[in-house]
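Whatever order the structure lists ligands and atoms in, that order sets their numbers, starting from 1. What you are looking at is a predicted structure, and each value in this text was computed from that prediction instead of being measured.
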Amino acid sequence: MPDYVIETPPVTALPVANENGAFPVRRVYCIGRNYAAHAVEMGHDPDREPPFFFQKNPNNLDTSGVFPYPPHTSDVHHEAELAVYLKSGGTNIPLDEALDHVYGYGLSLDMTRRDLQGEMKKMGRPWEIGKAFERSAPAGPVHPVAAVGHLAEGSITLKVNGVTKQEGDLNQMIWKVPEMISYLSEYFELAAGDVILSGTPAGVGPVSPGDIMELTVDGLDTLRVTVE
Ligand code: MN
């Protein structure tokens, strides 16, 4: 090991459900517009166009159950998403081998400063300021495939203060989990520790301090996050 000249940055790691141990995070990829009804609500054509991805930072993932309302925005939106956790990777991964690289699944929120994202879109600029801010990805524990299997269908629901805001089914994803893995691996070298947020169903909307968000996916538990 080299002698690091500054304090070593901590590794972000998520707890594994019902087991000891933690999942260390390497990269976070997020797909845009992966449910047709959400593409329509954002003003886009729901036809299957090539997928596109943006990234969050590993340490944007946060399992504290608290989402601090971020600065420089007055329009922070919830996006309920299934997170996919990889145990291995590579390049040019064939579709029929893609799921072999999945360690597990979990609940996550792709919190978005929608006003800033909108300004960046208008100017043709990158989205990070709208997407990759501190604690912008509240997440639950990682559920190993060995315990929950592969999740290709089942309801995904988000409630705010007990009122259902987002409702969809994992089978409505335009690009399925194996397709996302295979496609990403053509452009990037995937590896153990990579995370894919798989897109959000329709019904995204704003939250305010004091709100309680509850995300549920069939086969997993419920993630409860308080906006502060
Ligand atoms: Mn999203």
Side-chain angles (χ1 to χ4, degrees), residues 14 25 27-46 48-63 67 69-70 73 75-86 105-121 125-140 151 154-160 164-177 179-181 183-184 187-188 194-207 211 213-217 220 223 225 227:
L14 307 184
V25 178
R27 294 182 185 172
V28 182
Y29 296 99
C30 311
I31 191 169
R33 293 171 212 146
N34 202 27
Y35 290 74
H38 173 62
V40 170
E41 78 178 347
M42 296 302 288
H44 298 279
D45 192 322
R48 187 166 148 122
E49 54 184 20
F52 70 93
F53 294 84
F54 58 91
Q55 282 173 265
K56 294 202 181 215
N57 300 296
N59 66 358
N60 294 156
L61 286 164
D62 178 62
T63 57
F67 173 71
Y69 201 91
T73 179
D75 194 27
V76 174
H77 280 203
H78 53 74
E79 295 191 0
E81 312 209 359
L82 178 74
V84 183
Y85 295 93
L86 301 189
Y105 298 89
L107 304 169
S108 65
L109 288 161
D110 167 17
M111 299 304 293
T112 303
R113 290 194 276 217
R114 191 72 74 202
D115 41 5
L116 298 187
Q117 183 199 26
E119 287 171 29
M120 294 304 112
K121 278 184 183 175
R125 289 182 180 170
W127 289 8
E128 280 87 350
I129 202 167
K131 288 288 195 179
F133 54 92
E134 305 319 315
R135 298 169 74 175
S136 59
L151 303 183
S155 78
I156 174 168
T157 308
L158 182 102
K159 292 180 181 176
V160 178
T164 301
K165 299 288 188 181
Q166 292 192 258
E167 240 180 333
D169 193 292
L170 300 177
N171 67 14
Q172 296 164 341
M173 285 183 196
I174 297 170
W175 294 89
K176 310 298 185 194
V177 172
E179 292 174 315
M180 285 187 268
I181 292 169
Y183 187 91
L184 275 169
Y187 291 85
F188 303 98
D194 288 352
V195 182
I196 302 170
L197 302 194
S198 58
T200 197
V204 300
V207 292
D211 284 349
M213 301 181 284
E214 284 174 301
L215 167 59
T216 306
V217 168
L220 304 181
L223 172 64
V225 178
V227 183

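Each of His78, Lys131, Gln117 was compared with Thr112 under the side chain to side chain donor-acceptor pair (under 3.5 Å) criterion, and only Lys131 meets it.
Looking at Asp110, its N, O or S atom nearest to the Mn ion (ligand 1) turns out to be OD2. If you look at Glu79 and ask which of its N, O or S atoms sits nearest the Mn ion (ligand 1), the answer is OE1. The atom of Glu81 that is an N, O or S and sits closest to the Mn ion (ligand 1) is OE2.
A 4.5 Å side-chain heavy-atom check between Tyr35 and Ile156 finds at least one atom pair inside the cut-off. The shortest distance between side-chain heavy atoms of Met111 and Val225 does not fall below 4.5 Å.
A salt bridge does not link Arg113 with Glu119: every distance from a Lys NZ or Arg NE/NH1/NH2 to an Asp or Glu carboxylate oxygen is 4.0 Å or more.
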